[in-house]
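Below you'll find the structure, written out as structure tokens, and then a few comments.
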Amino acid sequence: MKLHNLFTASLLAAALVAPLANAQTSEPATDKTWWKHAVIYEIYPRSFQDTNGDGMGDLNGITQRLDYLKELGVDAIWISPMFPSPQVDFGYDISDYRGVDRQYGTMKDMDRLLAEAKKRNIKILLDFVLNHTSDKHPWFIESASSKNNPKRDWYIWRDGKNTGTVPCNPAHQNAAPYTPPGCIQPPTNWVSIFGGSAWEFNDKTKQFYYHAFYTQQPDLNWRNPQVEKAMFDVLRFWMDKGVYGFRLDAVPELFETVALKDEALTNKKNKYGDILTTRTNSHDLPEVHDTMRRMRGVVDSYHDGRVLIGETYLPNVEDLDKWYGGAKKDELQLPMDMQVGFTNKLDATRFRKLIGEAETEIHGSQPLFVFDNHDRDRSWDRYGKFGKTPEQKLAIAKLLATMLLTSRSTALMYYGQEIGMTTDKPARKEDVRDPNGIHGWPKEKGRDGERRPMQWDSSAQAGFSTNATTWLGVTPNYTTINVAAEKANPNSLLNWYKQLTALRRNNAALHEGSMTMINTSDANVLSWVRSTADGKMVVVSMNMSAEPQKIALALPSGKAAQSVHTLVTSDDALKNASTLDVTLAPYASWVAEVK
Ligand code: GLC
């Protein structure tokens, strides 16, 4: 029987719920394990704060806002790529791993940001785009220059399936006919994640190169030890400067099979009209784990808690566990659990199952939950859509924050999540900036909607920039949804986040307690207990339904509550609750200390 089934079955059988057999107790924080309790905040630098009036955010803007982040309770910031780049994929196409793009500032600005962040005990994490470089990176320019260039093997070059004079140009990959007649077909039928063939023909050398993403993002060949060495040196370069870790971009794409073979076709099409393949030869291959182990060795050689975070979209917890290194725990400290945050349904049973799996099926490693990032519609919309009124939508956003910040997971946030920024997709094709959206319009509108300027206040351009034109327009609701307005409103989402991050830091049970699901057969209300070995206990209950829910919480081991004291709640009626028998308003969250 799988552990999580065991878990549900045994809990259902018991009238009073015992702690999970292998519920994990977090170790007390030491400097080296700071990441186990951390709140990590993703900043998309283009959109956070502009200080030079060019309509685009910059590193000095991040420095300027460090006090805000400190107040919010952030321990570390992950900055999306700020390296020199042609900006085809807004920085995810790097042309120099050891610099700062002029748009964002200078290396001096970066050094100042590192120093100012350190003063505030905020750690800086960078985005390590390791699967591919820009096609303008000197390595690729060399590689493409001739078949016998020493860097040829740094990328993945292959002959086409047949000979011919021009590459094929099918309207959609895997949807014949290939035109013009007699054209050269790409080496395999693989489809790029951003649409079209994953192979691009290079006229000079008459071979194709592989790109999992845009054609301007050629994949590095990680089977070549020189590539690994060059990239590991990049990690050392930034760690020597004081960078505390890395988010590994698209890391399951790192390897492809040696014999590049066609993959079976699925019956699915992407939004661009290509017929998708199974990706069995090009995604999440086992070889990647050796590389991850060696990479972990590089960060561990600093002996002070440098951390590796993975962008790991994976289908299940078994696969996720492999990215930690399973029982050995010698790969990434924090591969992202994308199952919980991108469930996109308010379903207590499903969250209980997924969060329970993260407790019991990753060998006691530390979960990392995330609800928002720069690639997905904002959680305000994905989950808020279930609320019927503005009040309910706010309650839902508070509920997500509660799940994220009162569980045992490390919490990953995205700028603007804390004020309830919304997804604002471009209305017209001519306004789209993300190439993904230009190419996929109108079915795929791209990712501009979740990347709009941070809403600081109600002044022009939301306090983001002094320029009348910003790289992406400011969302009109900034006049009411902004940091300044929410600071002043005790019931705002911003103040909710602040209360929760403070509790997470200062309340021993929420900081380091073990986590036990309770009332596990309730289909509407998700509840758990965080408790310390010396008996400190906090209960958390979240009503995921549109109806009021009456509950009688049953503490682990049949313990009776002597007193109940509300720490924070989005339901005014629960502020003075004195027992564990309560009624939760629709979408309400309740966090209470129990003695
Ligand atoms: C990751 C990034 C995404 C980028 C892609 C290619 O998924 O999050 O923004 O486009 O990798 O680097």
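Order of appearance sets the numbers: ligands from 1, and atoms from 1 within every ligand. Since the model is a prediction, treat every value here as computed from it, not as a measurement. Quick note: residue numbers are just sequence positions, from 1.
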Check if [X] has a non-hydrogen atom at a distance under 4.0 Å from any atom of ligand 1.
X	value
Tyr214	no
His211	no
Arg376	no

Side chain, backbone, both or neither: Arg247 near ligand 1, heavy atoms under 4.0 Å: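 Looking at Arg247 and ligand 1, just side chain atoms fall under 4.0 Å.
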
Part of Glu42 with heavy atoms under 4.0 Å of ligand 1, whether side chain, backbone, both or neither: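 Glu42 to ligand 1: no contact under 4.0 Å from either part.
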
Result of checking Asp96, Thr133, Asp93 against Ser85 for side chain to side chain donor-acceptor pair (under 3.5 Å):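 Considering Asp96, Thr133, Asp93, a side chain to side chain donor-acceptor pair (under 3.5 Å) with Ser85 is found only for Asp93.
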
Within 45° cone of Tyr415 ring axis and under 6.0 Å: Arg378 NZ or CZ: yes

Cationic tip of Lys445 above Trp441 ring, under 6.0 Å, 45° of axis: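 Yes, Lys445 and Trp441 form such a contact.
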
How close does the nearest protein non-hydrogen atom get to [atom], and which residue and atom is it?
atom	value
atom 7 (O) of ligand 1	Glu311 OE2, 2.8 Å
atom 8 (O) of ligand 1	Asp375 OD2, 2.5 Å
atom 1 (C) of ligand 1	Asp249 OD1, 2.7 Å
atom 4 (C) of ligand 1	Asp89 OD2, 3.3 Å

Gap between atom OG1 of Thr475 and atom CD of Glu450 - 0.5 Å precision: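 That separation rounds to 11.0 Å.
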
Inter-residue atom distance Ile79.CD1 - Leu59.CG, 0.5 Å rounding: 6.0 Å

Those atoms of ligand 1 less than 4.0 Å from some heavy atom in [X]:
X	answer
Arg447	3 (C), 4 (C), 9 (O), 10 (O)
His132	6 (C), 12 (O)
Phe194	10 (O)
Arg451	9 (O)

Derivation of the ring-ring contact (aromatic ring centres under 6.0 Å, His included) call for Phe194 and His211: CA-CA 10 Å; Phe194 289 152; His211 57 91; 9.7 Å; no

Ion pair check, Lys322 and Asp319, cut-off under 4.0 Å: yes

Criterion ring-ring contact (aromatic ring centres under 6.0 Å, His included) on Trp78 and Tyr244, from CA distance to verdict: CA-CA 10 Å; Trp78 144 32; Tyr244 238 81; over 10 Å; no

Side-chain (Asp58) to main-chain (Thr51) donor-acceptor, under 3.5 angstrom: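 At least one qualifying donor-acceptor pair exists.
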
